[in-house]
Trainee: 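Submitted below is the structure of interest, expressed as structure tokens.
Quick note on labels: first sequence line is chain A, next is B, and so on, each numbered from 1. Quick caveat: nothing in here was measured; it's all calculated off a predicted structure.
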Amino acid sequence: MAKITLVEAINLALAHELAHDPAVVLLGEDIGPNGGVFRATVGLQERFGEGRVLDTPLAESMIAGLAIGMAAMGLKPVAEIQFSGFIYPTVDQMINHAGRLRTRTRGRLSVPMVLRTPSGAGIHAPEHHSESNEALFAHMPGVRVVTPSSPRRAYGLLLAAIRDPDPVVFFEPTRLYRLHKQEVEDDGEALPLDTCFVLREGRDITLVSWGAMIHETLEAAHVLAETGVEAEVIDLATLSPIDYETILESVARTGRLVVVHEAPRTAGLGGEILAEVAERAGYDLAAPPVRVTGYDVVTPLFKLEHEFMPSVNRIVAAARRVLEG
Amino acid sequence: MAKITLVEAINLALAHELAHDPAVVLLGEDIGPNGGVFRATVGLQERFGEGRVLDTPLAESMIAGLAIGMAAMGLKPVAEIQFSGFIYPTVDQMINHAGRLRTRTRGRLSVPMVLRTPSGAGIHAPEHHSESNEALFAHMPGVRVVTPSSPRRAYGLLLAAIRDPDPVVFFEPTRLYRLHKQEVEDDGEALPLDTCFVLREGRDITLVSWGAMIHETLEAAHVLAETGVEAEVIDLATLSPIDYETILESVARTGRLVVVHEAPRTAGLGGEILAEVAERAGYDLAAPPVRVTGYDVVTPLFKLEHEFMPSVNRIVAAARRVLEG
Amino acid sequence: MPSIVAHFDVPLVRCLDAEGRVVGDLPPLASDTETLRAIFRAMLRVRLFDTKAVALQRTGQLGTYASCLGHEALHVGIGSALRPEDAFFPTYREYGTQLWRGVKMSEILLFWGGDERGSAFAEQPHDFPWAVPIGTQMLHASGAALAFRLRHEARVALAIIGDGGTSQGDFYEALNAAGVWSLPAVFVVANNRWAISVPLAKQTAAQTLAQKAIAAGLPGVQVDGNDLLAVRSVLDDAIERARRGHGPTLVEALTYRLSDHTTADDARRYRGKEEVDRAWAEEPLVRLRRFLAERGLWTEAEEKRWTERCQEDIEEAVRAYLATGKPSPADMFDYTFATLPAGLAAQRAEALAAVEASPHG
Amino acid sequence: MPSIVAHFDVPLVRCLDAEGRVVGDLPPLASDTETLRAIFRAMLRVRLFDTKAVALQRTGQLGTYASCLGHEALHVGIGSALRPEDAFFPTYREYGTQLWRGVKMSEILLFWGGDERGSAFAEQPHDFPWAVPIGTQMLHASGAALAFRLRHEARVALAIIGDGGTSQGDFYEALNAAGVWSLPAVFVVANNRWAISVPLAKQTAAQTLAQKAIAAGLPGVQVDGNDLLAVRSVLDDAIERARRGHGPTLVEALTYRLSDHTTADDARRYRGKEEVDRAWAEEPLVRLRRFLAERGLWTEAEEKRWTERCQEDIEEAVRAYLATGKPSPADMFDYTFATLPAGLAAQRAEALAAVEASPHG
Ligand SMILES: Cc1ncc(C[n+]2csc(CCOP(=O)(O)OP(=O)(O)O)c2C)c(N)n1
Ligand SMILES: Cc1ncc(C[n+]2csc(CCOP(=O)(O)OP(=O)(O)O)c2C)c(N)n1
Ligand SMILES: [Mg+2]
Ligand SMILES: [Mg+2]
């Protein structure tokens with residue numbers, strides 16, 4: 001089995017579902033002959049035809065709205081938004097319709113769609129190409145939010161997202177697209193959307209993160225291990241609804257929590273997780289939990305993007321504060 | 001001095017700024033001869049003319065985008081979105097431009113606009129007319145989010161919002177529009193946007209809320225007082241950036257915190273506040289802090305809206321849990 | 001001299017004038033007397049239902065309600081022109097279409113009565129529920145039409161939107177998408193001259209709304225929307241064209257909102273009585289009734305019988321509506337996802353406990 | 001027979017053909033030789049700058065860069081047609097316009113080099129910076145035009161957008177708003193036939209993009225965008241019309257993206273060499289050079305001298321760009337609001353401390 005990158009794993013999962021489920025249709029800007037600006041859909045139109053892989057006009061509200069109509073009529077559209085900085089015109093359709101149609105029709109209609117989008121900073125991209133905005137979608141009832149952090153999880157979680165009977169926003173960390181390779185078996189096995197993944201076990205402190213920041217978080221755990229601190233690293237993976245059982249179980253053991261994300265701090269998902277843990281396991285905490293996040297500023301152009309993104313050092317420092325606290 | 005309602009206080013503040021600052025221009029759907037669907041702009045077009053109070057075509061992305069262009073060219077547009085359920089098409093313009101123009105041009109251009117919108121449930125309104133979505137805007141760097149909870153604060157905070165040199169999203173709780181009257185002096189005095197308001201002092205527990213839920217929160221404090229519990233009630237008022245000093249100072253005294261909001265729980269602002277307090281004042285907390293919020297479901301149609309909105313009972317019960325904790 | 005590289009005409013189709021006199025070519029439907037009578041009955045029925053719904057709101061038995069007064073020819077015209085397997089994408093006042101397509105009067109009342117079960121449509125499987133966020137439904141229709149196209153189904157998606165709605169980006173994006181893929185879609189603009197208090201002249205500088213089709217490369221047609229025969233003539237062509245795979249059409253139907261915008265509105269604030277009086281002279285029932293009566297296809301006696309029959313049905317629907325209990329708070333949770341996530345299950349339990357603890361809030 | 005209630009023509013304006021031969025009425029500008037020469041010099045200059053910028057990216061000295069190759073007549077045409085007090089709303093490749101209006105080459109490089117100071121425009125006070133979210137800038141232009149209108153200023157807002165951008169709802173909403181208030185705005189569609197890999201035929205079924213104006217009740221004109229004289233002829237009229245308060249115009253400029261979409265793109269994946277070769281034969285510099293040369297207004301010697309002069313300026317701009325140090329991390333915070341809120345001040349301190357602690361991240 002050849003090792004593949006995360007973006008190749010996305011391609012593999014898309015191809016698998018296109019081949020096995022005639023209801024799956026891909027749509028988006030430049031996903032056809034061009035294969036997507038990140039090459040996530042390369043070769044798919046050639047292989048499955050223009051009736052399964054559709055280049056759309058340039059309009060994101062349109063992409064979301066079309067997907068909703070298609071999904072309600074029985075297709076399983078997988079739509080690509082070219083960069084997460086361009087996802088905002090979909091917010092209206094996603095919150096007012098995609099996440100709402102099942103409950104407002106009491107189950108008569110539903111929206112089994114996926115909205116895929118590259119996400120995050122760190123690849124020296126132009127303005128508006130480096131945003132992390134998962135928290136906006138996590139606040140939408142009826143919408144699942146998922147992000148993978150390895151090729152294998154990208155494959156398994158994307159399969160699950162496509163098969164899920166409800167709308168899923170699927171954030172793909174651009175920084176990881178080509179960073180690592182992993183053996184990924186094309187066995188059509190989906191991963192569950194109701195669980196976090198424990199990537200590293202540890203008894204001293206719980207580090208929760210997702211997407212590209214998993215990379216720095218694991219490195220921080222490695223650094224901490226050099227001084228004998230065993231950090232447990234949890235990949236949140238499904239950002240909404242959140243599997244709190246895994247996190248609470250971990251915190252019950254470690255008594256210490258750091259949440260790491262790239263998105264701005266205020267009203268980000270780090271707040272959500274700290275709050276829930278404080279509410280439900282406040283007495284388990286040996287020290288105040290801490291967030292390490294992007295700052296409450298516009299994602300800067302790339303000369304400063306590394307100063308914006310949480311660094312291994314900041315994570316380690318935060319963990320040490322919590323350990324000493 | 002006559003007593004006026006919250007919506008009348010909004011009208012008073014708008015009239016004051018229109019009269020005193022020629023740069024102020026109102027725009028929105030049905031705000032002219034109709035005076036706004038909630039009558040917030042009643043009489044203003046007649047008084048100040050069609051060049052100051054503009055009925056717009058029906059398009060919310062347009063309203064936000066126009067306001068940005070107007071503001072960057074030196075006007076101070078105050079735009080109305082008819083209901084907060086229709087504010088989503090503005091998200092793209094607000095996050096990608098309104099909150100961003102100052103930093104991306106290093107101060108050359110700025111966006112002194114206000115986006116006013118009625119917000120919240122509880123008035124038996126039709127579908128999509130009862131949403132609470134302040135958290136989406138609080139997550140946007142460079143954007144202020146403000147909500148009043150009394151006629152006097154409506155007047156003072158709206159003046160401040162219009163005079164602020166940066167974009168402000170101003171949520172007006174529909175449930176309070178006509179609930180109470182208060183004497184409001186039309187003295188042109190703005191209230192500060194960098195502070196919460198302590199509405200009731202108390203030593204036993206801190207209750208933080210905003211907008212219409214202030215009403216239930218104060219009632220809960222009253223119920224608690226009957227059993228000798230003195231709750232401090234803080235009106236957050238400016239939801240972003242948050243004045244944490246006032247909250248932390250209160251929690252340092254009470255050691256107990258409940259945050260109440262109507263918006264869905266996950267990734268709502270309650271999480272933000274609990275997290276920040278846990279981080280910065282974890283050791284001050286005598287018991288785990290608690291959120292009382294709307295559930296993670298679509299705001300239901302009105303037959304169930306009271307089951308959705310946090311009730312006095314739920315707030316009291318949560319406070320008692322924290323007090324016993 | 002610049003050369004002319006493109007050229008467009010916007011036609012207007014009329015069949016009957018306000019008095020029911022023939023003023024244009026009649027469609028085949030004009031001689032299908034049974035269908036015509038059924039259509040007129042449906043127009044009368046929805047007028048009666050609408051009157052009752054407004055009365056229910058006025059007496060505190062219904063929430064805010066959006067009347068369809070004056071739109072009956074257009075709405076029933078659409079309902080009768082579509083096939084059951086087609087899909088309809090309404091705004092919030094097309095009861096005439098919906099009743100024809102299997103939505104129940106009691107469901108309409110439930111919706112405006114604040115109950116999601118009103119959108120569950122027991123006998124209409126695939127039509128979308130009311131779209132309150134203006135313009136959004138246009139894209140759903142294009143999406144549905146795209147699904148039909150990709151699956152080679154001979155089905156048509158029809159969306160309706162108001163004159164105000166044509167200012168929304170979604171309106172235009174939907175037309176453009178339908179054009180690109182030549183989708184089996186029909187878009188109807190109900191130009192009733194007002195968007196709440198905003199008159200058409202403040203909505204757009206376009207002299208017709210049909211011409212908005214040109215932006216997307218679609219044909220655009222104006223039709224007298226109070227003239228049932230003209231409406232059907234134009235719709236039958238557009239639907240047939242879509243069904244045969246020849247692409248979408250934009251139809252602008254000229255009509256008038258004879259009522260307030262909704263029961264929460266007071267139109268006297270922003271429009272004069274004379275304008276409304278003039279519009280009443282053009283309303284759709286009179287002319288079709290006269291057309292039928294003059295051909296011996298409708299009598300006063302029939303009208304009386306049918307009215308009574310409708311009133312009974314309406315009363316029954318009202319009883320069913322009023323007898324429908326409050327939904328369970330559990331319903332808020334049980335349809336959020338296909339299966340209940342753990343966190344939501346806990347909130348559900350909390351909500352049920354809260355209701356138990358204090359049933360009155 | 002339906003009556004025709006509206007009728008529209010879309011004109012195409014051309015002055016010079018690909019060889020610089022006169023094929024249409026010449027505008028007054030054609031005899032203003034000094035301005036024409038200045039325009040040609042600016043076109044040459046931006047072509048040279050563009051070539052250099054691509055080279056900088058290829059050698060790792062610049063981030064992703066969007067080339068303007070082939071758009072020089074249109075961009076410099078716009079720049080030279082506007083007055084300083086007018087406001088320009090670009091997409092991301094209109095360097096020809098921006099350089100004319102006071103934006104510096106080093107600023108353009110800074111922007112694509114990942115530095116916000118590139119949008120600070122030391123010598124251009126009110127033009128908007130690059131709009132990367134496609135279509136959004138159209139509304140800013142309408143908003144600016146509305147401001148000018150309300151303040152009775154004789155200023156014009158001009159926005160440009162690509163063929164792909166015309167599919168966005170914001171595009172249409174901006175046109176519609178401009179029509180309603182008869183705003184002093186000019187909207188230019190740079191129809192370069194491609195939106196990254198999507199050809200025009202997949203973007204819209206409209207046979208021209210100028211006709212999209214009809215949806216908003218505006219005049220729409222097509223112009224050969226590679227023909228400087230035609231561009232100026234059409235723009236001068238549109239800008240004059242706007243300035244006099246006669247309302248907005250939509251101009252579709254036919255041109256071609258001779259480069260890849262950006263340096264991150266490889267256009268060979270989706271378009272053939274022949275098409276690009278044909279487009280090269282139509283490119284804008286050749287015909288204006290020939291027009292001038294044949295009238296004795298431009299010589300090879302001048303071209304050589306001017307090219308050298310430009311190369312020096314460009315080298316200097318590159319040096320200034322490369323010499324610009326990294327911005328301070330404090331800058332992330334200091335321009336977020338007019339004054340720094342307490343919470344952000346704490347984050348600022350944290351960020352500066354983090355950088356201090358580990359300057360290399
Ligand atoms: C996106 C959005 N903005 C605003 C509203 C509030 N609103 C409800 S109906 C309406 C006017 C609609 O006018 P029109 O499209 O002409 O339809 P009509 O009501 O006349 O049938 C407005 C502004 C809304 N429902 N959705
Ligand atoms: C809202 C949005 N969606 C997607 C993109 C990604 N994108 C950048 S340029 C482009 C194509 C634009 O084509 P066109 O409008 O024709 O302009 P051109 O690049 O040809 O000048 C796309 C899809 C974007 N920048 N903004
Ligand atoms: Mg209308
Ligand atoms: Mg293009």
Side-chain angles (χ1 to χ4, degrees), chain B residues 29-39 42 50 54-62 65 82-83 85-89 92 122-130 216 264-266 292-314 316-318, chain C residues 63-66 92 110-116 118-119 129-130 132-135 162-171 195-199 202-204 261-262 264-267 269-271 326-329 331-333 335-336 341 343-344 347-348 350-352 354-355 357-358 360-361:
Chain B
E29 298 159 10
D30 303 291
I31 69 165
N34 197 40
V37 292
F38 281 107
R39 331 285 306 123
V42 71
E50 290 198 37
L54 285 75
D55 265 339
T56 66
L58 205 175
E60 286 73 16
S61 178
M62 180 206 72
Q82 207 162 72
F83 287 89
F86 311 132
I87 205 171
Y88 305 114
D92 185 33
I123 57 162
H124 275 214
E127 194 169 17
H128 298 280
H129 287 65
S130 302
E216 280 70 27
R265 179 183 184 86
T266 295
V292 183
T293 70
Y295 303 110
D296 285 322
V297 302
V298 171
T299 314
L301 295 194
F302 66 75
K303 271 191 187 170
L304 285 176
E305 67 182 338
H306 282 283
E307 283 72 10
F308 172 79
M309 292 157 56
S311 62
V312 174
N313 281 346
R314 277 178 67 204
V316 170
Chain C
T64 301
Y65 171 78
Y92 39 79
L110 275 172
F111 174 72
W112 293 110
D115 192 325
E116 281 81 0
S119 295
W130 294 277
V132 173
I134 304 283
D163 45 307
T166 64
S167 295
Q168 287 281 12
D170 279 4
F171 165 79
I196 308 188
S197 72
V198 179
K202 296 205 164 175
Q203 200 63 248
T204 186
H261 170 67
T262 64
D265 176 50
D266 178 359
R269 285 189 200 128
Y270 51 79
R271 69 181 187 189
K326 205 170 152 153
S328 163
D331 289 3
M332 288 194 283
F333 301 90
Y335 300 94
T336 298
L344 215 48
Q347 292 186 16
R348 181 181 190 271
E350 190 188 334
L352 294 179
V355 173
S358 81
H360 307 296

Trainee: Checking B/Tyr88 against chain C: side chain, backbone, both or neither under 4.5 Å from a heavy atom?
Mentor: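 Neither part, no heavy atoms under 4.5 Å.
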
Trainee: What closest approach, in Å, do B/Pro126 and C/Trp112 show between heavy atoms, and which atom pair accounts for it?
Mentor: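 So the two residues come closest at CB-CZ3, 4.0 Å.
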
Trainee: Who are the side-chain hydrogen bond (donor to acceptor under 3.5 Å, both in side chains) partners of C/Arg271, not counting sequence neighbours?
Mentor: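 C/Arg271: side-chain hydrogen bond (donor to acceptor under 3.5 Å, both in side chains) contacts with C/Tyr256.
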
Trainee: Do you know which of B/Thr266, B/Asn34, B/Asp55 has the most heavy-atom pairs under 4.5 Å to chain C?
Mentor: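 That would be B/Asn34.
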
Trainee: Select one option (side chain, backbone, both, neither) describing which atoms of C/Ile196 are under 4.5 Å from chain B's heavy atoms.
Mentor: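 Contact with chain B: backbone and side chain both.
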
Trainee: For C/Lys202, is there an ion pair with B/Glu50 - N to carboxylate O distance below 4.0 angstrom?
Mentor: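 Salt bridge flag = yes for C/Lys202 with B/Glu50.
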
Trainee: If we define contacts as heavy-atom pairs under 4.5 Å, which of C/Ala351, C/Gly169, C/Ala195 has the most with chain B?
Mentor: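 Ranked by heavy-atom pairs under 4.5 Å with chain B, first place is C/Ala351.
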
Trainee: Does any backbone or side-chain atom of C/Ser328 lie under 4.5 Å from a heavy atom of chain B? Answer side chain, backbone, both or neither.
Mentor: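 Backbone only.
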
Trainee: Which bit of B/Glu216 comes within less than 4.5 Å of chain C, counting heavy atoms only: side chain, backbone, both or neither?
Mentor: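 Neither part.
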
Trainee: Can you tell which part of C/Leu352 gets under 4.5 Å to a heavy atom of chain B, answering side chain, backbone, both or neither?
Mentor: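 Neither the backbone nor the side chain of C/Leu352 comes within 4.5 Å of chain B.
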
Trainee: Give, as side chain, backbone, both or neither, the part of C/Tyr92 having an atom under 4.5 angstrom from any heavy atom of chain B.
Mentor: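 Neither part, no heavy atoms under 4.5 Å.
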
Trainee: Between C/Glu116 and B/Leu301, is there a donor-acceptor pair closer than 3.5 Å when you use the side chain of the first and the backbone of the second?
Mentor: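 Indeed, once roles are kept as given, a pair shorter than 3.5 Å links the two residues.
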
Trainee: Could you pull out the closest heavy-atom pair between B/Pro33 and C/Tyr270, with the gap in Å?
Mentor: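 Looking at all heavy atoms of both residues, the shortest contact is CB-CB, 4.4 Å.
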
Trainee: For the residue pair B/Leu58 and C/Gln203, what are the closest heavy atoms and their distance?
Mentor: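 Here B/Leu58 and C/Gln203 meet closest at N-OE1, 2.7 Å.
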
Trainee: Which atoms of B/Tyr295 come close to chain C, meaning under 4.5 Å heavy atom to heavy atom: side chain ones, backbone ones, both, or neither?
Mentor: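 Both parts, heavy atoms under 4.5 Å.
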
Trainee: Taking the side chain as everything from C-beta on, heavy atoms only, tell me whether C/Gln168 gets closer than 4.5 Å to B/Glu60.
Mentor: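 A side-chain contact exists here, since the closest heavy-atom pair is under 4.5 Å.
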
Trainee: Measure distances from C/Asp265 to the heavy atoms of chain B and classify the residue's part below 4.5 Å as side chain, backbone, both or neither.
Mentor: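 The answer is the side chain of C/Asp265.
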
Trainee: For the atom pair CZ (C/Arg269) and CZ (B/Arg39), what is the distance rounded to the nearest 0.5 Å?
Mentor: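 One finds 3.5 Å between CZ of C/Arg269 and CZ of B/Arg39.
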
Trainee: Determine the minimum heavy-atom distance between B/Pro57 and C/Ser167, stating which atoms define it.
Mentor: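 Looking at all heavy atoms of both residues, the closest pair is CB-OG, 3.6 Å.
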
Trainee: Looking at B/Glu307 and C/Pro329, what are the two nearest heavy atoms and their distance?
Mentor: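 Result for this residue pair: CG-CG, 3.9 Å.
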
Trainee: Side chain, backbone, both or neither: which part of B/Pro300 has a non-hydrogen atom closer than 4.5 Å to chain C?
Mentor: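 Both backbone and side chain.
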
Trainee: Can you list everything that forms a side-chain contact (heavy atoms from CB on, under 4.5 Å) with B/Val298? Sequence neighbours excluded, please.
Mentor: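 Only A/Arg100, A/Thr103, A/Pro141 meet the side-chain contact (heavy atoms from CB on, under 4.5 Å) criterion with B/Val298.
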
Trainee: Between B/Thr299, B/Val37, B/Asp296, B/Thr56, which has the largest tally of heavy atom pairs under 4.5 Å with chain C?
Mentor: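 Result: the option with the highest number of such pairs is B/Asp296.
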
Trainee: Can you name the nearest heavy-atom pair linking B/Glu127 to C/Trp130, along with the distance?
Mentor: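 Closest pair (atom of B/Glu127, atom of C/Trp130, distance): OE1-O, 4.4 Å.
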
Trainee: Please tell me if the side chains of C/Val132 and B/His129 come closer than 4.5 Å, counting only heavy atoms from C-beta onward.
Mentor: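 The answer is yes; the side chains approach within 4.5 Å.
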
Trainee: Non-hydrogen atoms of chain C under 4.5 Å away: do they reach the side chain of B/Glu305, the backbone, both or neither?
Mentor: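 Neither part, no heavy atoms under 4.5 Å.
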
Trainee: Do B/Lys303 and C/Leu110 pass the side-chain contact (heavy atoms from CB on, under 4.5 Å) test, and can you show the C-alpha distance, the side-chain angles, and the key distance before you say yes or no?
Mentor: CA-CA 10 Å; B/Lys303 271 191 187 170; C/Leu110 275 172; 3.7 Å; yes

